[in-house]
**Q** 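The structure that follows is given in the form of structure tokens.
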Amino acid sequence: MEPFVTLRSTAVVLPLENVDTDQIIPARFLKTTDRLGLGNDLFADWRYDASGAPREEFVLNRPEAKAAQVLVAGKNFGCGSSREHAPWALLGYGFRAVVSSEFADIFRNNALGNGLLPVALPEPVVDRIGALIAADPQSVFTIDLESRTFALPSGERFDFPVDPFARHCMLQGVDQLGYLAAKEPEIAAFERTRAGAY
Amino acid sequence: MTQPRPRTLFAKLWDDHLIQAESDATPAVLYVDLHLVHEVTSPQAFSVLRERGLKVRRTDRTLATMDHSTPTTPRGADGRIPVVDLQARAQLAQLERNCTDFGVPLYTLGSEHQGIVHVIGPELGFTQPGMTIVCGDSHTSTHGAFGALAFGIGTSEVAHVLATQCLLQRRARTMEVRVDGVLAAGVTAKDLILRLISEIGIGGATGHVLEYTGSAIRALSMEERMTVCNMSIEAGARAGMIAPDDTTYEYLAGRPHAPQGAAWDAALARWRTFAADLGSTHDRTVILDASTIKPMITYGTNPGMGIAVDAPVPTPSHLSDASERRALEKALQYMALTPGETLLGKAVDVVFLGSCTNSRISDLRLAAGVMRGQRVASTVRMLVVPGSQEVKRQAEAEGLDEIFRAAGAEWREAGCSMCIAMNGDELRPGQYAVSTSNRNFEGRQGKGGRTFLASPLTAAATAIAGTIADARSYVRGR
Ligand code: SF4
């Protein structure tokens with residue numbers, strides 16, 4: 001996992017609520033046994049028409065979207081299936097952060113575990129960000145994980161919450177398995193106390 | 001000494017599995033009693049174990065099956081099962097190799113206990129009260145029907161559990177869903193849960209575990225309780241759970257992997273402690289009156305967009321919130337529906353009876369009861385997909401397959417099938433389906449397909465009518 005410290009980037013807006021993981025990465029792409037290579041299939045059914053050609057009107061197909069590493073979306077982003085392919089596809093496309101007023105639980109966990117930062121901001125702030133981008137698609141935002149702040153081009157900052165442990169792992173670029181594996185003595189002791197319980 | 005604080009069912013299970021309590025800096029370390037595995041969300045997790053030279057810590061607490069990308073078409077004359085494409089074949093082969101290499105028990109395609117992961121866990125008696133149960137699958141909430149704490153996890157977490165039998169978790173809040181009153185004839189557990197989601201919305205329970213209580217919940221069979229808990233995730237809940245009672249114990253008694261003899265007595269004594277304490281409180285409470293629930297159907301592109309089957313489709317301009325209005329407009333456009341229209345009488349192309357929500361024997365019995373001696377409308381293709389090989393055998397023993405076949409429905413092998421449309425069973429663009437599954441997201445049942453979620457009774461009645469039907473007029477007087 002790549003460390004995440006500070007990100008300065010333009011952003012694109014998907015002004016929809018309840019974007020579910022079936023839209024982020026449709027099920028037919030889940031037959032892969034790999035994590036990589038899903039970026040092209042991100043939002044496939046919204047992004048491409050029946051012939052497979054990009055739909056011009058879809059936001060990710062606009063020229064200014066190419067360099068954006070931040071996706072801004074409506075509330076309850078990532079609801080539905082637990083597929084980790086959703087953050088894999090977002091990362092594969094080039095996103096490093098998603099901004100929304102609310103994230104579905106499993107998606108948030110999956111994202112954090114892969115170095116994709118879910119930035120939860122109040123709805124009016126998300127709306128303001130959307131308006132800024134509409135006015136100037138080249139607006140650059142700054143996300144600082146150390147201070148847990150999201151900054152507008154004007155420099156105005158907003159705090160966002162992030163689990164301290166996930167934040168620590170993301171700043172270091174380490175995953176959580178090592179931490180758990182080091183708990184082996186406690187796990188073994190716990191199992192001994194429960195022998196025969198199940 | 002102070003009295004122990006009264007605890008909710010969730011709190012008891014949480015405390016019972018804590019290896020390390022959470023602090024501000026670190027999440028809790030929670031022990032997992034049962035880990036279910038399927039082909040779609042596990043390959044990358046096994047890869048992590050290989051890369052790091054780790055073993056599966058408790059193969060005796062791990063169980064794998066094949067369900068998502070498996071074909072449900074009957075076997076060929078040569079006994080071979082026609083897997084849909086090379087990629088699906090490779091994924092299934094990968095699971096088989098992983099399970100062999102790591103010593104994980106696996107119900108392969110064609111074996112007698114294969115089926116949808118959330119159907120076989122309970123039916124084989126693996127799922128038991130008081131357990132923590134996880135799977136790389138959001139509908140793991142199903143197992144909460146037994147008074148287990150059961151929830152879906154991502155693939156990285158699948159690797160965590162394979163390697164350590166533990167998960168890092170933050171404690172959830174709890175929401176009580178109290179349902180009293182009696183369900184009317186023709187109204188099922190599916191209608192109950194669709195009604196709940198339509199009221200609280202698909203993000204309504206985010207961050208919460210749902211505890212279902214009340215006389216209407218107590219009156220449900222285990223299979224009905226599974227239907228309710230299954231769709232808890234569709235309200236955004238981490239999990240859904242129902243305290244175990246005699247209904248639970250009767251269901252479990254004699255199941256192959258349930259405790260037997262003296263172990264059963266000991267288990268029963270422990271299970272009886274898994275009820276919420278008197279005086280325990282929840283962060284939120286929602287109350288439903290079962291007698292007011294009608295057969296439900298969804299009209300939109302998420303499970304919260306549900307209405308009574310005889311109610312009009314909502315009108316976007318009646319909504320004050322701009323983003324909700326946009327969402328509704330987009331959904332109706334995708335579904336090609338007109339605000340204010342009633343879905344009753346609307347023609348459908350496909351009826352899908354199956355999925356981990358409604359593919360158990362009681363679901364098939366309900367549908368067969370409506371379809372006995374009837375014909376599926378000539379304009380409708382109906383698929384009946386049992387949730388497991390065990391359900392299939394039972395249905396065949398009862399002659400239900402004959403009822404479906406005589407009606408003109410397709411009787412298939414067990415699997416997820418058209419619920420997720422990974423295995424070749426899918427809607428064509430523009431087709432309408434009434435489905436007993438759990439998700440009506442755009443393209444969920446096939447690119448461009450349009451799904452109405454409903455109960456097995458509504459599905460059966462619709463198949464016969466050829467148009468969306470009110471199940472109540474098909475069960476009256478029966
Ligand atoms: S039946 Fe559908 S919801 Fe259930 S496990 Fe299979 S794909 Fe998931």
Side-chain angles (χ1 to χ4, degrees), chain A residues 15-18 20-23 26-28 30-35 44-46 50 74-76 79-88 102-107 109-111 113-114 123 127 163-166 168 175-181 183-184 186-187 189-191 194 196-198, chain B residues 19-20 24-27 29 31 33-34 40-41 43-44 47-48 52 54 57 68-69 85 87-88 90-91 94 128 131 136-138 152-157 159-160 163-168 170 202-203 206-207 236 238 270 302 323-324 326-327 330 420-422 429 439 441-444 447:
Chain A
L16 297 170
E17 293 181 359
N18 302 318
D20 59 80
T21 53
D22 271 88
Q23 306 318 313
R28 62 183 182 280
L30 307 188
K31 283 179 251 174
T32 176
T33 54
D34 205 342
R35 262 188 216 91
D45 291 345
W46 288 345
K75 74 166 183 236
N76 198 26
C79 60
S81 145
S82 63
R83 60 190 70 164
E84 200 158 316
H85 310 69
W88 295 335
E102 183 187 316
F103 291 93
D105 287 329
I106 307 179
F107 175 83
N109 252 341
N110 285 344
N114 285 277
E123 215 165 319
D127 291 346
D163 180 81
F165 183 71
H168 165 82
D175 69 22
Q176 304 175 358
L177 179 52
Y179 175 84
L180 261 181
K183 297 284 166 198
E184 173 55 36
E186 288 90 338
I187 299 169
F190 179 84
E191 282 178 329
R194 287 165 56 85
Y198 288 97
Chain B
I19 291 184
Q20 176 188 297
D24 284 347
T26 51
V29 178
Y31 192 73
D33 291 316
L34 176 64
V40 176
T41 55
Q44 298 87 348
S47 300
V48 169
R52 303 193 189 191
L54 297 168
R57 181 186 170 82
H68 282 65
S69 54
D85 60 24
Q87 233 192 340
Q91 195 174 58
Q94 181 86 48
Q128 295 168 22
M131 282 184 161
D137 197 284
S138 57
I153 57 178
T155 296
S156 298
E157 293 173 314
H160 296 175
T164 70
Q165 206 57 30
C166 289
L167 269 179
L168 291 168
R170 291 281 177 188
I202 64 166
T206 301
R238 276 302 271 156
R270 197 178 57 250
N302 73 51
S323 62
E324 280 176 25
R326 242 191 342 257
K330 185 170 188 295
I420 191 165
M422 288 183 71
R439 287 187 174 143
F441 297 143
E442 289 184 24
R444 169 77 178 190
K447 194 172 169 177

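None of these values were measured; they are calculated from a predicted model. Order of the sequence lines fixes the chain letters, A, B, ..., with proteins taken first and strands second; residue numbering starts at 1 for each chain.
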**Q** So which atom in Ser138(B) and which in Ser82(A) form the shortest heavy-atom distance, rounded to 0.1 Å?
**A** N-OG, 3.4 Å
**Q** Of all heavy-atom pairs between Ser323(B) and Glu123(A), which one has the smallest distance, and what is that distance?
**A** OG-OE2, 4.5 Å
**Q** I'd like to know if the side chain of Asp105(A) reaches the main chain of Thr206(B), judged simply by a donor and an acceptor atom lying under 3.5 Å from each other, with no hydrogens or angles considered.
**A**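 Side chain of Asp105(A) to backbone of Thr206(B): no pair is present.
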**Q** Work out which heavy atom in Ile420(B) is nearest to a heavy atom in Arg83(A); give both atom names and the distance.
**A**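 So the minimum-distance heavy-atom pair works out to CD1-NH2, 3.8 Å.
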**Q** Among Gly80(A), Ala27(A), Cys79(A), which residue has the highest count of heavy-atom pairs closer than 4.5 Å to chain B?
**A**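 Most heavy-atom pairs under 4.5 Å with chain B: Gly80(A).
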**Q** Flag the pair Pro26(A) / Lys447(B) as yes when at least one side-chain heavy-atom distance between them is below 4.5 Å, and no otherwise.
**A** no
**Q** Would Gln44(B) and Trp88(A) count as a side-chain hydrogen bond (donor to acceptor under 3.5 Å, both in side chains) if you check the C-alpha gap in whole Å, the side-chain angles of each, and the deciding distance to 0.1 Å?
**A** CA-CA 11 Å; Gln44(B) 298 87 348; Trp88(A) 295 335; over 6 Å; no
**Q** Decide yes or no for Asp85(B) and Arg28(A): does some side-chain heavy atom of the first lie under 4.5 Å from some side-chain heavy atom of the second?
**A** no
**Q** State plainly whether the residues Asp33(B) and Arg194(A) are in salt-bridge range, i.e. N to O under 4.0 Å.
**A**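 Yes, Asp33(B) and Arg194(A) are salt-bridged.
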**Q** For chain A, which of Ser69(B), Gly236(B), Ala88(B) has the most heavy-atom pairs under 4.5 Å?
**A** Ala88(B)
**Q** Please classify the contact between Asp127(A) and chain B as side chain, backbone, both or neither, with a heavy-atom cut-off of under 4.5 Å.
**A**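 For Asp127(A), there is no contact with chain B at all, as no heavy atom is under 4.5 Å.
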**Q** Among Leu34(B), Leu54(B), Asp137(B), who wins on heavy-atom pairs under 4.5 Å with chain A?
**A**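 The candidate making the most pairs under 4.5 Å is Asp137(B).
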**Q** State, with a plain yes or no, whether a side-chain heavy atom of Asp20(A) is found less than 4.5 Å away from one of Glu442(B).
**A** no
**Q** Arg170(B) and Pro164(A): which non-hydrogen atoms are nearest, and at how many Å?
**A**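 That closest heavy-atom pairing would be NH2-CD, 3.8 Å.
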**Q** Looking at chain B, which one of Ile106(A), Thr32(A), Thr33(A) has the largest number of heavy-atom pairs inside 4.5 Å, strictly under?
**A** Thr33(A)
**Q** May I ask you to decide if His160(B)'s main-chain N or O and Gln176(A)'s side chain share a donor-acceptor pair within less than 3.5 Å?
**A**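 Side chain of Gln176(A) to backbone of His160(B), a donor-acceptor pair under 3.5 Å: no, none is there.
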**Q** Looking at every non-hydrogen atom in both residues, tell me the closest pair between Gly203(B) and Glu102(A) and how far apart they are.
**A** O-OE2, 3.8 Å
**Q** Under the criterion side chain to side chain contact (heavy atoms under 4.5 Å, CB included), I'd like the reasoning laid out for Ser81(A) against Arg439(B): C-alpha separation, chi angles, the key distance, then a yes or no.
**A** CA-CA 9 Å; Ser81(A) 145; Arg439(B) 287 187 174 143; 3.4 Å; yes
**Q** Against chain B, work out which of Glu186(A), His85(A), Glu17(A), His168(A) has the most heavy-atom pairs shorter than 4.5 Å and name it.
**A**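 So the answer, after comparing Glu186(A), His85(A), Glu17(A), His168(A), is Glu17(A).
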**Q** Name the region of Tyr179(A), side chain, backbone, both or neither, that has any atom closer than 4.5 Å to a heavy atom of chain B.
**A** side chain
**Q** How long is the gap from SG on Cys166(B) to CD on Glu191(A), to the nearest 0.5 Å?
**A**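 Taking SG in Cys166(B) and CD in Glu191(A), the distance rounds to 7.5 Å.
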**Q** Select, from Gly152(B), Ala327(B), Ala25(B), the one with the greatest count of heavy-atom pairs under 4.5 Å involving chain A.
**A** Ala25(B)
**Q** Less than 4.5 Å apart, any side-chain heavy atom of Gln20(B) and any of Lys183(A)?
**A**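 A side-chain contact under 4.5 Å exists here.
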**Q** Rounded at 0.5 Å granularity, tell me how far CD in Glu324(B) sits from CG in Asn18(A).
**A**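 Glu324(B) CD to Asn18(A) CG: 9.0 Å, rounded to 0.5 Å.
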**Q** Hey, which of Asn302(B), Leu168(B), Thr41(B) has the most heavy atom pairs under 4.5 Å with chain A?
**A** Leu168(B)
**Q** Atom CG of Leu180(A) and atom CG of Leu167(B): how far apart are they, to the nearest 0.5 Å?
**A**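 Between atom CG of Leu180(A) and atom CG of Leu167(B) there are 7.5 Å.
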**Q** Are the side chains of Ile202(B) and Asn76(A) in touch, meaning some heavy atoms are under 4.5 Å apart?
**A** yes
**Q** Output the option from Gln23(A), Lys31(A), Lys75(A) having the highest count of non-hydrogen pairs under 4.5 Å with chain B.
**A**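 If we count pairs closer than 4.5 Å to chain B, Lys31(A) comes out on top.
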**Q** Side chains of Ile187(A) and Arg57(B): closer than 4.5 Å at any heavy-atom pair?
**A**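 Result yes, sub-4.5 Å side-chain heavy-atom pair found.
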**Q** Check whether Pro87(A) gets within reach of chain B through its side chain, its backbone, both or neither, counting any heavy atom under 4.5 Å.
**A** neither
**Q** With chain B as the partner, which of Thr21(A), Asp34(A), Leu16(A), Asn114(A) has the greatest number of non-hydrogen pairs under 4.5 Å?
**A** Asp34(A)
**Q** If I measure from the heavy atoms of chain A, does Val29(B) come under 4.5 Å with its side chain, its backbone, both, or neither?
**A** side chain
**Q** Working to the nearest 0.5 angstrom, can you tell me the gap between Gln87(B) CD and Leu30(A) CG?
**A**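 Answer for the CD-CG pair, Gln87(B) versus Leu30(A), is 9.5 Å.
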**Q** Kindly indicate whether the side chain of Arg52(B), heavy atoms from C-beta on, has any atom under 4.5 Å from the side chain of Leu177(A).
**A** yes
